[in-house]
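Since the structure comes first, as structure tokens, the remarks are kept for the end.
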Amino acid sequence: MHKLQNPPRTDVALPPSFGAALLRGARCRCPRCGEGRLFRAWLKPVDTCPVCALDISGQRADDFPAYVSIFVTGHLLAPVLIMLVSDFALSTMAIIAIILPLAVIFMLLTLQPAKGGVIALQWWHGMHGFRRERLSQSGDGTE
């Protein structure tokens, strides 16, 4: 079912900084080339990038994307919860009926970009079998 893997392309526009690589991952794109799709299903990464042939199969995002998603969701919903409690005379059940669906929606919306960002972080730092790559004009390679 899998095709023979091509060697990684050398003519790829590598990201100039960690932030650029992280943004590529959060956009669910390959952190190396920024063009190939990072996921074949909602949370299932591709084995290799279809554009630059980066081997992504070694990534180990594990539970970290869920923690990132929980952190972001909590910070987005905290002001909403504070506003609902302090500005409106809502019952506890009404507040729960508003907050719980919002929390689930935010968690689901942020989970895939969080996983893409974690994969980009691993690629940038050369973790879990990724080869550390940097632009040649960046001097010592640290941005």
F39 vs I56, test: side chain to side chain contact (heavy atoms under 4.5 Å, CB included). Steps then yes/no. CA-CA 10 Å; F39 296 98; I56 301 171; over 6 Å; no
With rounding to the nearest 0.5 angstrom, report the [atom1] to [atom2] distance, [X] to [Y].
| X | Y | atom1 | atom2 | answer |
| --- | --- | --- | --- | --- |
| C28 | R37 | SG | CZ | 9.0 Å |
| H128 | W123 | NE2 | CH2 | 15.5 Å |
| I99 | L84 | CD1 | CG | 5.0 Å |
| K44 | L38 | NZ | CG | 14.0 Å |
| L121 | F64 | CG | CZ | 7.0 Å |
| S57 | F130 | OG | CZ | 8.0 Å |

In short, A41 meets Q112 closest at the heavy-atom pair O-NE2, 3.8 Å
Looking at every non-hydrogen atom in both residues, tell me the closest pair between I119 and P45 and how far apart they are. CD1-CG, 4.0 Å
Distance-only check: which donor-acceptor pairs under 3.5 Å involve side-chain atoms of residues 71-83, not counting sequence neighbours?
from, atom 1, to, atom 2, distance (Å)
T73, OG1, S69, O, 2.8
H75, ND1, F71, O, 2.9

Verdict with reasoning, K115 to Q59, per side chain to side chain contact (heavy atoms under 4.5 Å, CB included): CA-CA 10 Å; K115 185 164 185 171; Q59 66 81 25; 4.3 Å; yes
Among the clusters formed by ILVMFWY side chains lying less than 4.5 Å apart, do V85 and L90 turn up in the same one? yes
With the 4.5 Å side-chain cut-off for hydrophobic clustering, are I70 and L108 part of the same group? no
Start with the C-alpha gap between L54 and T48, add the side-chain angles, then the distance that decides, and say whether side chain to side chain contact (heavy atoms under 4.5 Å, CB included) holds. CA-CA 5 Å; L54 174 67; T48 57; over 6 Å; no
Sub-4.5 Å side-chain heavy-atom contact between E133 and W124: no
Just jot down the side chain to side chain contact (heavy atoms under 4.5 Å, CB included) partners of A97, sequence neighbours excluded, or say none. none
Okay, side chain of E35, backbone of R29: is any donor-acceptor separation there less than 3.5 Å? no
May I ask you to say whether D55 pairs ionically with R131, meaning some side-chain N is under 4.0 Å from a carboxylate O? no
Just distance, no hydrogens or angles: give the donor-acceptor pairs under 3.5 Å from side chains in residues 20-27, sequence neighbours left out.
from, atom 1, to, atom 2, distance (Å)
R24, NH1, A13, O, 3.2
R24, NH1, P31, O, 3.4
R24, NH1, R32, O, 2.7
R24, NH2, A13, O, 3.0

